[in-house]
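So the structure is just underneath, and the comments pick up after that.
Bear in mind that the values here come from a model prediction, so they are computed numbers and not experimental data. Each ligand, and each atom within it, is numbered from 1 in the order the structure gives.
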Amino acid sequence: MKNSMSRRQFILAAGALAGSAVLAGCGGSSTSSSSTSTSTDSSSSSASSSDDSYTLVKDGTLTVAAELGFAPFEYMNDQTGDPEGFDVDVINAIADKLGLQCEYLPNQKFDTLVPLIKQGGKADVSIAAITITDTREESVDFSEPYLDSNQAIVALKGSTETEETLNDASKKVVCQSGTTGNDWITENLPNATCVPTDDVTPALTGVSTGSYNAMVVDLPVAKYMLTNSFSDLDIIEEIATGEQYGIAISKDNPNLTKAVNKALEDMKSDGTMDSIETKWFGSTI
Ligand code: ARG
């Protein structure tokens, strides 16, 4: 583990020097931690004098925390050792607009991301297909939503399971720990045996091999994983939860949230968002 982490960090550093790697593709060379946004808010926690300034863990760099096993939003490219995905493109484009370089922390467990941002000092933002929820908003601020999402129940192809049959103690329903899928099971399948796990791919493998009867996971991830890796699995139900993904930022850094929102707004109007959506989903959403 140590080795692979340090190898990736090396690659990040090398990529930043070469200016060519995805993660170094933000194009900014600014060493300032001041926003160039036109924010009028004056409530900055930063020691800096400028009203719209925000703080950064590392000067000139947007440090990103994510759980990197959630394709097509974020996953490790085993060949390059770099994160890739929809969210990776979004945060790189945001960093680009802010004149910053992106750097990802090593892979984090999903249920540690909000606490990590709340605690501060390690990462400036977390983008990880994180659904904006009231509970999470008690701990962190979120950017404006950047994508709509729903949940899916995944089971073996030809399975006769339904929401009703799964709601039984003899049925194991797996999910990623701390996700909205986890919450959905607790609330809607109270009799089922809910199995929270760290990683999505082994969980789906467990559904494939019969260790679990079903998995509840974000619909776009279910679609992507079933198309690309799990042809023996099916989406047996789409659950219209009406979720929205947002970027988590510390409550102590309100001007960073403002700057990120401004960048997102620009990306929506200048076509950047459309092209990232088309790249990963084949069309705009
Ligand atoms: N949208 C869901 C949630 O916020 C799942 C997100 C999981 N993301 C990840 N990178 N593993 O709870």
Side-chain angles (χ1 to χ4, degrees), residues 23 63-77 82-92 102 104-118 122-123 125-154 173-189 194-207 214-226 228-230 235 237-249 276 280-281 285:
L23 290 177
T63 307
V64 184
E67 192 278 331
L68 298 165
F70 212 62
F73 296 105
E74 42 268 319
Y75 59 91
M76 286 302 283
N77 178 323
D82 288 334
E84 281 180 3
F86 178 88
D87 285 349
V88 180
D89 285 354
V90 168
I91 203 66
N92 271 290
C102 279
Y104 269 75
L105 295 182
N107 188 42
Q108 309 287 314
K109 287 183 185 172
F110 181 75
D111 55 14
T112 67
L113 293 174
V114 167
L116 180 142
I117 293 299
K118 181 184 177 172
K122 291 217 171 91
V125 297
S126 180
I127 183 167
I130 304 175
T131 301
I132 302 169
T133 67
D134 292 347
T135 311
R136 291 172 182 163
E137 276 184 319
E138 286 169 16
S139 301
V140 294
D141 283 342
F142 280 99
S143 69
E144 290 300 319
Y146 64 90
L147 199 77
D148 294 340
S149 189
N150 287 302
Q151 295 292 311
I153 305 179
V154 175
V173 185
V174 69
C175 59
Q176 188 171 46
S177 180
T179 58
T180 46
N182 195 157
D183 293 342
W184 187 88
I185 298 170
T186 311
E187 281 157 31
N188 297 280
L189 304 176
C194 177
V195 186
T197 58
D198 286 340
D199 302 307
V200 168
T201 301
L204 286 171
T205 303
V207 178
M215 172 159 199
V216 177
V217 65
D218 293 26
L219 179 61
V221 174
K223 284 185 176 162
Y224 187 93
M225 295 300 278
L226 269 47
N228 291 290
S229 315
F230 291 93
I235 294 171
E237 193 179 318
E238 294 190 8
I239 312 161
T241 48
E243 293 171 55
Q244 293 188 304
Y245 295 160
I247 300 164
I249 302 170
I276 299 175
W280 292 100
F281 302 109
I285 295 199

Check your understanding: Could you go step by step and tell me if Y245 and S149 meet the side-chain hydrogen bond (donor to acceptor under 3.5 Å, both in side chains) rule?
Key -> CA-CA 7 Å; Y245 295 160; S149 189; 2.9 Å; yes
Review point. Are any of the side-chain heavy atoms of I235 and L226 separated by less than 4.5 Å?
Key: yes
Check your understanding: Does Y146 have any ring pair (Phe, Tyr, Trp, His ring centres under 6.0 Å) partners at least two apart in sequence or in another chain, and if so, which?
Key -> none
Review point. With a 3.5 Å cut-off and no angle check, do the side chains of Q151 and D218 form a donor-acceptor pair?
Key: yes
Exercise for review: Tell me whether the centres of the aromatic rings in F110 and F70 are closer together than 6.0 Å.
Suggested key: no
**Study point:** Within-4.5 Å side-chain heavy-atom neighbours: T180 and E243
**Key:** yes
Check your understanding: Name the residues with a heavy atom less than 4.0 Å from ligand 1?
Key -> E67, F70, E74, F110, A128, A129, I130, T131, R136, Q176, T179, T180, D218, Y245
